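Following: one structure in structure tokens, then a few remarks.
Predicted model, so just to flag it, every value in this text is computed and none were measured. Residue numbering restarts at 1 for every chain, and letters A, B, ... go by the order of the sequence lines.
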Amino acid sequence: MSSAGSEQADRAAVVSGLRFPPTLVLPAFIAGALLLFVAFFYFFGSWTLGEKADLTLCNGDEPQSLDPAIITGQLEGRICLALFEGLTTRDAKGDIIPGMAENWTQTPDGLTYTFHLRPGIKWSNGDPVTAYDFLNSWERVLNPATASEYSYQLYYLVNGEAYGTGKITDFSQVGVKAPDDHTLVVTLAHPTAYFLELTSFQTLCPVHLPTVRKYGRDWTKPGKMVSNGPYVLKEWRLNDYILLEANPYYWRPVPIHRIKVLPTNNATACFNLFYSKKTDLILDTRSIPSALVQDIKNQPYFHSNPFGATSFIRFNVKRKPFDDVRVRKALALALDKKDIVDKITRAGEPVANTLVPPGSAGYTPPQGLVYNPDEARRLLAEAGYPNGQGFPDVDLLYPKRGTSEQVATEIQALWQRDLGITSIHLRGQEWKVFLNTQQLIDCDLSISGWIGDYNDPQTFLDMFVTDGGNNQTNWGDPQYDQMLQTSENTADPAKRMQILHDMEKILVEDQVPIVPVYFWVGMSLYYPDKLGGFEPNFVDDHRWGEFYIPGKKQP
Amino acid sequence: MTAIIIRRLLQAIPVLFIVVTLTFLLVRAAPGNPFTTEKKIPAEIMEQLQKEYDLKGSITHQYAQYLWKVAHGNLSISTQYRNRTVNEIIAQSLPVSMVLGSVAYFLALLFGITFGGWAAIRHGRPGDRFIMLFALLGISIPIFVLAPLAVIFLALKLNLLPAYGWGSPDQIILPALCLSVPFAATIARLTRGSLLEVLKLDFVRTARAKGLSEDAVLFRHALKVAILPIIGYSGPAAAGILTGSIVIETLFGIPGIGQFFVNSASNRDPFMTSGVVLVFSSFLILFNLLADILYFIVDRRVKLE
């Protein structure tokens, strides 16, 4: 207050009576800014003024591609399965139902399937869908020139692998034939119990080859793509949105006419959208902020379901001290997994003592190693490291994304708490570098995860075949490999499941090259009174063609 | 002047060449492979992929191949977005960033110059201190703190503006405001400092002595000189603001080019990374040139070299 007088005088001396008239400057600037705004508005025409859709959903990140032969990710798969349909498909519950094939027969040895296509099925341009479309599309997947990373989904066919790796070049030797337009005969190398699951997978969906040939790399663009599923691709703007419209030629009515898919890689932004009611459904688990799960768990819009995927730790069994099975067992027994799911992941994930998630029909998993710190300390002392003393320096590799860093830190702390091991060092790497290190097995321990390709224990257990590309532990057991082969040639489901059970027992109880940590859960956000045809299922596979809006007249 | 501009543009070519070379070599030297996924890819397939994407053969061969393409305006294809060329991705995302960026840029100039000038006139009084406090906050609060706060209060709590998305004019306001804040704050501080200096100079006193109105003194004489440092700052700033911001784009779901700066590198998408770096460098060169030309027009003492 006391300085007010001198300040006044100061002002009077320097800038007496000087007024900065915002009345003049502001309108000029605002007018200029608005003019530019409008000019850009027209010039670039990138304004879509919010395309109208009957259902808006968040599907995770921007898809890498929409070519069913090229894609490998789950989020791409979801869109592709709205656009394309295989011989079989899934209903809302995730069960296999007839798709393009009306029915099929199987020989008693389980090796030959004869599919009869539905009469009158058409592509979105009106062309008929024929057995040759399947034959040629499968050739495209297997052809090495296509560079399809999932071509091994067709290695189950007679000579599939030979053609896929370029050992033979005559496709007529591969076990798929089309005697006429409506019949497809498939001969398998082994009886494959889950083959009808594979035929519903995107890699085995047909593509419209004249379009692929005409446009090359560009065939997946809107206006060019021709598809045979419930939807057609209407618009696709990178990182902006994808608009799907019901396919008028699809063999049954599609309840929801237009679906807008929003790609977002930011979970918080995604939740904001749902919270402000700008999206009807979030169906990607990673698009739900894990920090919020605890708070929104009891909301009517929160839904979770068991999901066929497992988090586990890989040992490098060639490096000390993990060459000693007692050490591996000790670490597996001493991991308080409940602590990890309660403190870190917090979405109600079940603790895993086995690799195969519960839910595979007809499969009884072994018990696995249940948390038992006393037994663990005994084994560790027996191996020569009482109370963790003298335990060599080892690293724990993890990818720097999601909650992996917190999980790794917690694992480190838990082994210190229960076993007294203080020499486990965290080693975080960027995602692509992490994958590289893991494939080179240039680490002692690594945080891993696996999502089943189909609902069968085999998709988990065949990872650990000796020197398999996805083994990444240096572990191998001739007996295990032998059992895998036997299981593949066993047509009797009960016998086959027993073999798989014994294999998993070797993996998680006797040899322990891995420590299962927890099973994943699928999470989704939607109001059940506003969206129907969405049922939680084990494969976390929701067919968009099954969705409907409750109370709205069905076409 | 035209000759000088042409010479400057020609000089940009070797600069861009060095930028392309360095980026290409750094990206190819980084550990990890663009095609690595959780599932091991069979060796035959990996080889085919590398062939298809021109990532096969010696590094010099790959480099020569890439340089040849770039010289023809072809930035090659993205390994992440399998069916798209880098040209196509940039053509789709750059205009979006430019629309958002230019709105933010004008907001920054508008608020920065107005409040900076106001603070200079109210020098030492509460209004000045108040504005400078806000300017300091605007510079020091990172955008990844400010933007989520703005979303929570303005979009989620008060429901005034949409929190996410692109496509309608109301969706541009919140991200543009957030993007403009640090630039506006810097411009406000620059304007204030510069105007304070200028108002003490003899020519201002002369203008006043001639009996000119204060408006005329300020707008016709003082501001014309005081604006020079802002022109110098706004060239590089425009390059930065028009090529997008990863924080703003991911948080507000804006399909711009900014997110590719980070994402293409972590995806090990070699040509995409080189492509966005090339775009950013071109913008930087262009806007520095524009700033120099503006300098020349405003201040006749400056010679374009």
Quick one: what part of [X] sits under 4.5 Å from any heavy atom of chain B, side chain, backbone, both or neither?
{"X": "A:Phe434", "answer": "neither"}
{"X": "A:Ile451", "answer": "backbone"}
{"X": "A:Gln429", "answer": "neither"}
{"X": "A:Asn471", "answer": "neither"}
{"X": "A:Asn266", "answer": "side chain"}

From [X] [atom1] over to [Y] [atom2], what is the distance, rounded to the nearest 0.5 angstrom?
{"X": "B:Leu49", "Y": "A:Ile70", "atom1": "CG", "atom2": "CD1", "answer": "7.5 Å"}
{"X": "B:Tyr81", "Y": "A:Asn239", "atom1": "OH", "atom2": "CG", "answer": "5.0 Å"}
{"X": "A:Tyr150", "Y": "B:Ile45", "atom1": "OH", "atom2": "CD1", "answer": "13.0 Å"}
{"X": "B:Gln80", "Y": "A:Asp61", "atom1": "CD", "atom2": "CG", "answer": "7.5 Å"}

Are [X] and [Y] packed together at the side-chain level, in the sense that at least one heavy-atom pair is separated by less than 4.5 angstrom?
{"X": "A:Trp236", "Y": "B:Asn83", "result": "no"}
{"X": "A:Thr279", "Y": "B:Tyr164", "result": "no"}
{"X": "A:Asn272", "Y": "B:Leu156", "result": "yes"}
{"X": "B:Glu52", "Y": "A:Arg217", "result": "yes"}
{"X": "B:Asn267", "Y": "A:Gln64", "result": "no"}

Please find the pair of heavy atoms, one from B:Pro31 and one from A:Val433, that lie closest to each other, and give the distance.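 Result for this residue pair: O-CG2, 3.7 Å.
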Correct closest heavy-atom pair for B:Gly32 and A:Asn436 would be N-ND2, 3.8 Å
Counting heavy-atom pairs under 4.5 Å with chain B, which one of [options] comes out on top?
{"options": "A:Gly449, A:Ala145, A:Ser276", "answer": "A:Ala145"}
{"options": "A:Ser151, A:Gly73, A:Ser148", "answer": "A:Ser148"}
{"options": "A:Asp218, A:Asp67, A:Thr264", "answer": "A:Thr264"}

Original post:
Is the backbone N or O of A:Pro144 less than 3.5 Å from a side-chain atom of B:Glu44, with the two atoms forming a donor-acceptor pair by type?
Top reply: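 It does not hold such a pair.
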Exercise for review: Would you confirm whether B:Lys40, through its side chain, and A:Gln472, through its main-chain N or O, come within 3.5 Å as a donor-acceptor pair?
Suggested key: no
Could you look at [X] and say if it's the side chain, the backbone, both or neither that has a heavy atom under 4.5 Å from chain A?
{"X": "B:Ser93", "value": "neither"}
{"X": "B:Ala265", "value": "backbone"}
{"X": "B:Val204", "value": "neither"}
{"X": "B:Asn159", "value": "neither"}
{"X": "B:Gln259", "value": "side chain"}
{"X": "B:Pro148", "value": "neither"}
{"X": "B:Glu88", "value": "side chain"}

A:Glu149 and B:Arg82 ion-paired at < 4.0 Å
yes
Closest-packed option against chain A by number of heavy-atom pairs under 4.5 Å, given [options]:
{"options": "B:Ala163, B:Ser266, B:Ala43", "value": "B:Ser266"}
{"options": "B:Ile152, B:Thr85, B:Ile77, B:Ile254", "value": "B:Ile77"}
{"options": "B:Pro34, B:Ala30, B:Gly165", "value": "B:Pro34"}
{"options": "B:Glu47, B:Gln92, B:Glu249, B:Met46", "value": "B:Gln92"}

| query | When you look at OH of A:Tyr155, are more than 12 heavy atoms from neighbouring residues, nucleotides or ligands closer to it than 6.0 Å? | reply | yes
